[in-house]
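Below you'll find the structure, written out as structure tokens, and then a few comments.
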Amino acid sequence: MVRKENVVIKEGLKGGNGTVEIHHFLTEEELMGQATMYARVVLKPHSSIGWHQHIGNTEPYAIIKGEGTFVDNDGSKTTVHPGDVCLIEVGQWHAMENNTDEDMEMIALIINDWAK
């Protein structure tokens, strides 16, 4: 089967600023309880995903286009580029910012933590 991704537009995602496009590859049902999201996430210029915590799941981000600022669990900020991977572990906090005039894109996978 081949189909188009399902695009959802979010304003102020997790308390962030501006517009974020979430291009879902699979539905939660297709992820079979192992994950809740597998998507290409586009942060429009001067947009962000706000500071939030991951409880019961982990989320790796793989940067594929543009430049962003990853805000880690300890509040430190790191500039990220294509090829960088940001890992948010269970219980950790994080945010992502696009402070540029270009789109920033990443692949995000929210994986459920069944080990506990």
Going by the rule side chain to side chain contact (heavy atoms under 4.5 Å, CB included), which residues pair with [X] if we only count those two or more places apart in sequence or in a different chain?
X	result
N17	S48
D74	D72, S76
E102	T100
H81	E67, T79, D84

Are [X] and [Y] in one and the same hydrophobic cluster, where Ile, Leu, Val, Met, Phe, Trp and Tyr link if side-chain heavy atoms are under 4.5 Å apart?
X	Y	answer
L26	I111	yes
I22	I110	yes
F70	M104	yes

At their closest point, which heavy atom of [X] faces which heavy atom of [Y], and how far apart are they?
X	Y	answer
T69	V80	N-CG2, 4.4 Å
N73	W51	O-CH2, 3.6 Å
P45	D101	CG-O, 3.5 Å
P82	G66	CD-O, 3.1 Å
E30	T27	OE1-N, 2.8 Å

Residue pairs passing the salt bridge (charged side-chain N to carboxylate O under 4.0 Å, His left out) test where at least one lies in residues 11-29, sequence neighbours excluded:
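Passing the test, one end in residues 11-29: E21-K44.
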
For this session: Each residue besides I9 in its hydrophobic cluster should be listed here, by chain and number; the cluster joins Ile, Leu, Val, Met, Phe, Trp and Tyr at side-chain heavy-atom distances under 4.5 Å.
Result: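 I9 shares its hydrophobic cluster with V7.
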
Does some side-chain heavy atom of [Y] sit less than 4.5 Å from a side-chain heavy atom of [X]?
X	Y	answer
D113	T58	no
L13	S47	no
I49	M106	yes
F25	L109	no

* Asked: Are I88 and Y61 close enough, and set up right, to give a side-chain contact (heavy atoms from CB on, under 4.5 Å), and what steps lead you there?
  -> CA-CA 8 Å; I88 300 91; Y61 287 156; 4.2 Å; yes

query: Can you name the side-chain hydrogen bond (donor to acceptor under 3.5 Å, both in side chains) partners of H24, sequence neighbours left out?
result: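 So H24 forms no side-chain hydrogen bond (donor to acceptor under 3.5 Å, both in side chains) with any residue.
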
What pairs with H52 under side-chain hydrogen bond (donor to acceptor under 3.5 Å, both in side chains), at least two apart in sequence or on another chain?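 For H52 the side-chain hydrogen bond (donor to acceptor under 3.5 Å, both in side chains) partners, ignoring immediate neighbours, are H54, H94.
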
In a table with atom names and distances, give each donor-acceptor pair under 3.5 Å that connects a side chain of residues 33-40 to protein atoms at least two apart or in another chain.
| from | atom 1 | to | atom 2 | distance (Å) |
| --- | --- | --- | --- | --- |
| R40 | NH1 | E105 | OE1 | 3.1 |
| R40 | NH2 | E5 | OE2 | 2.8 |
| R40 | NH2 | H23 | ND1 | 3.1 |

